[in-house]
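First up is the structure itself, then whatever we jot down about it.
Basis for what follows: all heavy atoms, side chains included, without hydrogens, waters or symmetry-related copies. FYI, the numbering just counts along the sequence from 1.
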Amino acid sequence: MNNEELPGPHNRFFLQTFSQLDRARELIAEFLPTSVLATLDLASLRLVSGSYVDDSLRMSQSDLLYEVDLRDSGQHAVVYLLFEHKSVPDRQTPFQLLKYMVRIWEQRLRESLPLCPIVPLLLYHGENAWNTSRSMRDVLNVPEELQRFVPEFAIELLDLSQTSDEQLRENANLKAFLLLLKYIRREELPERLPEILKLFAAIAEQPSGLDCLKTVLIYLSSGTERIDRNQLLEAVAGTLHQQGNQLMPTIAQQWKQEGREEGREEGREEGREEGREEGREEGRLAGQIQLLQKLLGHTESTLEGLLAMDRTDLQGENDRLQSELERRGS
């Protein structure tokens with residue numbers, strides 16, 4: 001599943017984070033009851049390609065599927081760990097998970113493989129507690145006399161809204177990702193962001209750590225309205241230090257892409273009138289130049305002064321500053 005198929009920032013961050021097997025193992029080890037973990041050989045964990053999400057739901061949902069061998073089973077066996085993430089409560093979640101499970105079993109039968117247990121895991125990071133269905137009985141709400149006809153299975157729920165920060169402290173690597181997911185929609189994000197970025201600064205020293213930080217900063221740039229651009233820049237400068245200089249081009253590129261998308265949307269909505277389009281383009285360039293000047297530590301030009309320049313000069317100044325930023329990051 002690629003970014004074009006699943007463009008939502010929360011889904012993209014979830015998939016990029018937990019498709020890494022080391023992080024998935026850590027989360028599963030924290031997530032599942034001890035008695036269940038005792039039956040699993042997490043060293044054998046492997047990611048299964050493909051998605052079982054309906055095409056119509058791909059903008060708002062994501063799933064990850066892992067295989068893991070049973071420990072001391074005396075024969076080869078697998079348990080599928082179906083990992084689903086949610087940012088808002090959804091009463092139909094047990095039904096959605098049941099559909100995924102049936103599709104997995106159908107695929108195994110097509111491949112002449114035996115049916116196997118599936119453990120559905122739900123990671124929830126909404127602002128309020130998960131207060132809706134956790135079983136098919138909740139979904140159907142049938143009289144007690146009919147409940148024995150309802151498909152029944154357990155869903156392991158990790159509700160970050162009800163998990164204290166102290167409960168996430170045992171695993172520093174995992175804590176950074178879960179804290180970011182926990183606070184990304186909350187008003188407390190600006191005050192918690194320096195602590196979260198300090199945890200990621202330690203991760204940046206590990207192999208592929210800089211790529212991890214890029215993923216985090218793209219998520220912060222596109223997945224929340226709780227912080228503005230200045231707050232993000234200040235938090236990066238104050239906590240990431242050396243890595244921050246290397247990551248500034250990533251932030252600038254993300255905002256540049258967002259500016260392009262906003263411009264295209266405005267053009268569609270306002271009919272692409274030529275005069276307005278030119279004015280918007282000059283305003284976009286002026287704002288981009290101010291942002292690049294801030295990132296580079298240059299004296300920031302006034303908006304009035306920039307708009308007094310012709311469009312060719314604005315474009316040239318923007319390109320010059322962008323090149324300087326890229327050189328610093330290389």
Side-chain angles (χ1 to χ4, degrees), residues 8-38 40 42 45 60-66 68 81-94 96-97 119-135 138 153-203 212-213 215-216 219-220 223-227 235 239:
H10 302 295
N11 293 320
R12 187 179 303 125
F13 181 70
F14 169 79
L15 290 172
Q16 291 174 336
T17 298
F18 294 111
S19 60
Q20 303 296 315
L21 288 180
D22 286 346
R23 293 181 201 135
R25 286 190 191 94
E26 291 171 352
L27 188 58
I28 290 168
E30 294 281 337
F31 205 123
L32 289 179
T34 304
S35 58
V36 176
L37 287 171
L40 306 180
L42 286 185
L45 190 73
S60 59
Q61 297 179 18
S62 58
D63 66 320
L64 282 171
L65 187 64
Y66 311 91
V68 62
L81 299 173
L82 177 60
F83 218 144
E84 175 72 6
H85 117 281
K86 296 278 186 181
S87 54
V88 293
D90 185 348
R91 186 172 183 271
Q92 298 299 322
T93 294
Q96 291 164 0
L97 290 172
V119 180
L121 310 177
L122 176 61
L123 174 61
Y124 169 68
H125 70 118
E127 295 181 63
N128 302 307
W130 183 270
N131 56 4
T132 189
S133 308
R134 289 186 59 181
S135 72
D138 295 335
F153 57 92
I155 299 175
E156 291 296 331
L157 172 69
L158 176 57
D159 184 347
L160 292 180
S161 73
Q162 302 302 296
T163 305
S164 70
D165 294 358
E166 289 72 22
Q167 290 175 284
L168 301 177
R169 283 182 178 165
E170 291 189 16
N171 188 315
N173 282 357
L174 186 59
K175 180 183 178 183
F177 293 98
L178 294 183
L179 282 178
L180 181 53
L181 282 168
K182 177 178 178 177
Y183 286 103
I184 193 73
R185 293 169 172 265
R186 293 191 176 194
E187 293 182 0
E188 307 100 295
L189 179 61
E191 62 187 78
R192 303 310 304 267
L193 187 56
E195 173 196 351
I196 293 171
L197 288 181
K198 284 180 182 177
L199 291 172
F200 279 112
I203 294 174
C212 167
L213 274 179
T215 298
V216 168
Y219 185 39
L220 284 166
T224 183
E225 296 180 353
R226 298 301 188 185
I227 55 171
T239 57

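Under the 4.5 Å side-chain criterion, counting only non-hydrogen atoms from C-beta, Pro120 is not in contact with Gln96. Side-chain contact check for Leu193 versus Leu220: some heavy-atom pair is nearer than 4.5 Å. The side-chain heavy atoms of Phe177 and Leu199, taken from C-beta on, include no pair separated by under 4.5 Å.
When the salt bridge (Lys or Arg N to Asp or Glu O under 4.0 Å) test is applied to Glu191, no partner is found at least two apart in sequence or on another chain. In this structure, Tyr66 has no ring-ring contact (aromatic ring centres under 6.0 Å, His included) partners at least two apart in sequence or on a different chain.
Taking CG of Leu15 as the start and CG of Leu64 as the end, the distance is 5.0 Å to the nearest 0.5 Å. A distance of 8.5 Å separates CG in Leu160 from CG in Leu179, rounded to the nearest 0.5 Å.
Salt bridge annotation for Arg134-Asp138: absent, with no cationic side-chain nitrogen under 4.0 angstrom from a carboxylate oxygen. Ion pair Lys198/Glu195 not flagged as a salt bridge, since none of the NZ, NE, NH1 or NH2 atoms sits closer than 4.0 Å to an Asp/Glu carboxylate oxygen.
Of the options Phe14, Phe13, Tyr183, a ring-ring contact (aromatic ring centres under 6.0 Å, His included) to Tyr219 is made by Phe13 and by none of the others. The side chain to side chain contact (heavy atoms under 4.5 Å, CB included) with Leu178 is formed by just one residue from the set Asp165, Ile196, Thr163, Leu27; it is Leu27.
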Check residues 122-129 and write down every donor-acceptor pair under 3.5 Å in which the side-chain atom is one partner and the other belongs to a residue at least two apart or another chain.
residue: Tyr124; atom: OH; partner: Asn128; partner atom: O; Å: 2.7
residue: His125; atom: ND1; partner: Leu181; partner atom: O; Å: 2.9
residue: Glu127; atom: OE1; partner: Arg226; partner atom: NH2; Å: 3.2

Working for side chain to side chain donor-acceptor pair (under 3.5 Å), residues Thr224 and Arg185: CA-CA 6 Å; Thr224 183; Arg185 293 169 172 265; over 6 Å; no
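Counting only N and O atoms by type, the side chains of Lys175 and Gln167 include no donor and acceptor under 3.5 Å apart.
Heavy-atom contacts from other residues, nucleotides or ligands closer than 6.0 Å to CD of Glu187 number 12 or fewer. Around atom CD of Glu225, no more than 12 heavy atoms belonging to other residues, nucleotides or ligands sit under 6.0 Å away.
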